[in-house]
Structure formats: structure tokens, C-alpha cells
Amino acid sequence: MQINIPRGTQDILPGEVEKWQYIEKKLKEICDRFQYNEIRTPIFEHTELFLRSVGDTTDIVQKEMYTFEDRGERSLTLRPEGTASVVRSFVENKMHGYASQPIKLYYLGPMFRYERPQAGRFRQFVQFGVEAIGSNDPAIDAEVMALAYTVYESMGLSKLKLVVNSLGDKESRTAHRDALIGHFKPSIGEFCRDCQNRLEKNPMRILDCKKDREHPLMKTAPSILEYLNEDSRQYFEKVQKYLTALNIPFVVDSNLVRGLDYYKHTAFEIMSEAEGFGAITTLCGGGRYDGLTEDIGGPAAPGIGFAMSIERLLASLKAENIELPLDKQVDVYLVSLGEEAKDYTVGLLNTLRKAGLSAERDYLNRKIKAQFKAADRIHAKYVAVLGEDELQNNKINVKSLETGEQKEIEIAKLVDALKDFAAF
Ligand code: ATP
Ligand code: MG
């Protein structure tokens, strides 16, 4: 019986993988410009880490984790997101003591969630994310949002919507929490079981419920913005002022909540407004968190970050009909005629590759016409043709497949010719 790929995962084949490589390179460039450094953490962590940081009222912890026991009877979990690991590493490596502050990190790698697979939702997906830990300057909130926005913009996307909200500080949230409980409690029987559980534990998460989205009480729920105290209000104003200074368009939406307990002040999402993008419009989500470092046994440190998946980025590129400028050309294809010439191309190919050129030859004993076809298929810029006669005279025939121009040159000058055809 044939064995197929697990549900919710995908193979990324040549032809598609070049897009991923392009995006990965671009992400690294952008992080360099914004001065975020890469961190690589393990694919699995102690389950306890996610229970404590992501929180046990979330969908991730309640329904989506790939948890297993290893042979040493430890409970481990394939990471469902990146922030927990980064913050664990921050604490474990005592980064709060580093000379250079704040700590600005980015990560890129696979995450695992047991979800119902659908467009834009996989069981293994690749997240890119950043975390800035150690500063509560609202300017860094704006910087983090600007970085996320720049990623999408630099790929050529234009139908973007940055939605921002403030969840306030602890005092504001407590006041809002009481108001939410008062609002939902009398009719909580009309809501789903998850929401009923959330009412006392984390009523803000009710606003994020996917099942009860249409309930009339959702629209009339008290807005967090009305409960912000003076500090929180000023913080939010600064964030908006800095976004404006950075020339980043945004809208404020008081219904945007990120459900985790540790979120405070800034919360944001970037959506795609491209037609036909589908039901899931969120490309990226993030926000400011507090107390996360303490939850996993470290000193207090404020942080802000976001995460986006490459899968949704690719989907948004498709929705906006954007072709990434991929350069997958091969410099030269060696075409040979006759046994001796064929043998000779083994060494010649090696010389070309050692000189830094991308080069290929025939391995299927093809006729000359088929070799030209093969060169075409891999988008070779040049074809270098070697027959018995040329070989006798230490010559080779170089043809540009772009212009059709041909030149016979000395074999010893092939590398130079390929680097600057016009000079020959
Ligand atoms: P959603 O409401 O869509 O389930 P989420 O709140 O679970 O999103 P986060 O945990 O904030 O998402 O993850 C940040 C980003 O990671 C999302 O905005 C999305 O781009 C991406 N993402 C999350 N889950 C998946 C998935 N299963 N497949 C692909 N991308 C995902
Ligand atoms: Mg989810």
C-alpha cells in the first residue's frame, strides 16, 4: 500500500521552494535592517512551558498540541508557537543581563497544531516572528508593527489592513473585565460551552469566540477603550503617533483582542483585504506581553512581538496575483558531441563550478538537439558546445540563449567569457 503525507502537512517541491527561499532571504534582510537577531530554539519543549505561557484557556493548549511522552517518560510537546520558547531561552540564558538592550530576536521555523485543515490552516506550518524584550517604550511597539508591515509591503502586497487596539494595563483590564462579566452573565446560557467557561476565567476571550461571533451581545459589549486609565490612554496615543510618524496606515478596532492573560497595551493584526483571499483574513498577529518571563521563573521584563505564517503570506500573494521576482537561471549548460568531448565535460563542469558559476551537463546520453532542449528547460543563459573538432583545437562554441549570439573561444577562456560575454 502506498503511504501518503499526513493530513494538514505539505511537501514543498522544486518550483515552489524558490518562493520560500526568496521570502526567507527577504525576511533576513529586513531583520538586519531593523536590527533583530536570529534565534533558533528546539522543535519540542517540555509541555509545561506551553501550559504556563500560552495558558490553559486557549484553543492551542486545550485542543491543538502535539504532546507525547518520550522514552524517559517526560511529557514533551511539538512547539505550537514561538514566543514561549524565545522567552524560555531569554530567561535561561539570562539575556536580561546582556550589555546590549533591549533584546531583539527573530525566529523562523515549523510550528505544529492539531487543527482542522483548511485553506490557510495547516497542522505543520512555518512561522516567522519577532520578540523585543526589555523595553516598554511605545516606539518599539510601533517598530515591531512597522517590521511586520514592511515584510508584506516588500513582497509587493498592497491590500493590507493594520488593525490596532489597546488592552490597557492591569488596572484598566480589571475594570473592563468586571464590565464584561456584568454584560454577558445574565445571558451566558445562550453562549457556547467554551464561552461559559471563559466568563469567570478570562471574559475577554468571549469576544474572540468563533462560534458566538453573531450573538447580538457581542456588538454591544463594553469596549476596552472606555476603560483605559490615564497611563494606558497615553501609551496608546503614543503608539498611534509613532505609527503615523512611520507612515504606516492603521485603523483602531476596540474588538480586536488577543486572548492570552499576559497581553497588555498594544494588540494588533494585519489582514489581507484582497478579494478571494478566503474566510481567514488574518496574516499576522501580535502584541505586548507582561509577566511572561515571570511565569516561567525569570525576572520581570516587558516584551512585544508578532508571528505570521509563510503559508498565509503565500496565499495573500496569490490573492493579489503577485509573482515574486525569482532568479532561477543557470549560467551555462555544456552540450557535448562524441565520447571524447563528453568525457572532457566532466572536468570542465567542475572548473566552471569551482569558478562560482552554476553549470550543468547531460547525464542521459541525449542527442545534441535534446541537450539543447534540456538547457532551455532549466533556463540556461548560455550553452557551450564541445565537439571532437573543437576539442582538438582547444576551442569551444558559446551561444547566448537570450540573444542567439555565438562565439568560438579558447576553452581556457570559457570562465571569463561566461562572466563577460561582450568582452570576447
Ligand atoms: P487563528 O485565529 O487564525 O487561528 P491564531 O490566533 O491561532 O490564528 P496566532 O497563534 O496568533 O494565530 O499565530 C500567528 C499567525 O500564525 C497567524 O496570524 C497566522 O498567520 C499563522 N497561523 C496560525 N495558525 C496557523 C495554521 N494552522 N496554519 C497556517 N498558519 C497559521
Ligand atoms: Mg488558531
Side-chain angles (χ1 to χ4, degrees), residues 6-10 12 20 23 27 50 53-66 77-87 106-131 144-145 147-149 151-152 155 157 160-165 167 194 198 202 204-213 253 255-263 266-274 277-289 292 303-319:
R7 221 165 115 72
T9 67
Q10 53 179 348
I12 303 164
W20 287 76
I23 291 168
L27 292 173
F50 303 113
S53 63
V54 179
D56 51 13
T57 61
T58 58
D59 281 355
I60 292 183
V61 167
Q62 285 184 350
K63 309 174 192 158
E64 298 176 354
M65 294 204 304
Y66 280 91
T77 294
L78 298 184
R79 61 182 188 190
E81 57 103 55
T83 305
S85 302
V86 172
V87 172
Y106 80 90
Y107 58 85
L108 177 72
M111 305 295 163
F112 306 84
R113 296 185 193 178
Y114 191 79
E115 306 211 57
R116 202 166 62 75
Q118 53 189 289
R121 211 179 276 295
F122 296 86
R123 289 187 174 170
Q124 174 172 336
F125 57 100
V126 175
Q127 266 188 351
F128 163 73
V130 314
E131 311 294 342
V144 162
M145 288 186 261
L147 198 164
Y149 203 82
V151 167
Y152 297 114
M155 307 283 166
L157 292 163
L160 300 167
K161 184 165 141 192
L162 169 62
V163 183
V164 192
N165 191 21
L167 305 180
D194 284 342
R198 287 166 184 147
N202 191 348
M204 204 179 234
R205 275 199 64 79
I206 296 177
L207 302 175
D208 205 16
C209 180
K210 288 175 182 112
K211 286 194 208 118
D212 293 320
R213 209 191 302 241
D253 179 354
N255 284 325
L256 174 72
V257 297
R258 316 269 316 151
L260 312 191
D261 279 335
Y262 56 72
Y263 276 112
T266 310
F268 70 98
E269 282 187 2
I270 298 177
M271 330 263 214
S272 169
E273 296 197 297
F277 183 57
I280 303 172
T281 54
T282 304
L283 297 176
C284 161
R288 175 164 280 285
Y289 47 83
L292 197 46
I304 178 161
F306 69 74
M308 63 173 67
S309 74
I310 310 302
E311 288 80 358
R312 286 199 199 163
L313 167 57
L314 285 166
S316 64
L317 288 168
K318 200 165 165 207

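Every number for a ligand or one of its atoms is a count from 1 in the order of the listing.
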Shortest protein contact, [atom] (heavy atom only):
atom: atom 8 (O) of ligand 1; value: R312 NH1, 4.5 Å
atom: atom 13 (O) of ligand 1; value: Q127 NE2, 3.3 Å
atom: atom 15 (C) of ligand 1; value: A307 O, 3.4 Å
atom: atom 22 (N) of ligand 1; value: F125 CE1, 3.7 Å
atom: atom 11 (O) of ligand 1; value: R258 NH2, 2.6 Å

Got a donor-acceptor contact below 3.5 angstrom from the [X] side chain to the [Y] backbone?
X: R312; Y: G120; value: yes
X: E311; Y: V126; value: yes
X: Y152; Y: L283; value: yes
X: R113; Y: M65; value: no
X: D253; Y: V163; value: no
X: R79; Y: P110; value: yes

Smallest heavy-atom separation, F268 atom then A148 atom, equals CE1-CB, 4.5 Å

Judged by heavy atoms only, the candidate from P80, S316, C284 nearest atom 18 (O) of ligand 1 is C284

Which atoms of ligand 1 are found less than 4.0 Å from any heavy atom of [X]?
X: L283; result: 18 (O), 20 (O)
X: R121; result: 1 (P), 3 (O), 4 (O), 26 (C), 27 (N), 28 (N)
X: E115; result: 24 (N), 25 (C), 26 (C), 27 (N)
X: T282; result: 18 (O)
X: G120; result: 28 (N), 29 (C), 30 (N)

Any heavy atom of R123 under 4.0 Å from ligand 1? The part involved is neither

With heavy atoms and a 4.0 Å threshold, my read on which part of K210 contacts ligand 1 is side chain

- Give a yes or no on whether a salt bridge exists between D194 and K63, defined as a side-chain N under 4.0 angstrom from a carboxylate O. yes

Q.
Between Y289 and E131, is there a side-chain donor-acceptor contact under 3.5 Å, judged purely by atom types and distance?
A. yes

Checklist entry - Is there a donor-acceptor contact under 3.5 Å linking the side chains of T282 and E269? => result yes

Does ligand 1 come near enough to S309 that some N or O of the ligand is less than 3.5 Å from an N or O of the residue? yes

Legend entry - Heteroatom distance test (F122, ligand 1): nitrogen or oxygen, under 3.5 angstrom: yes

### Query
Does even one non-hydrogen atom of R113 get within less than 4.0 Å of ligand 1?
yes

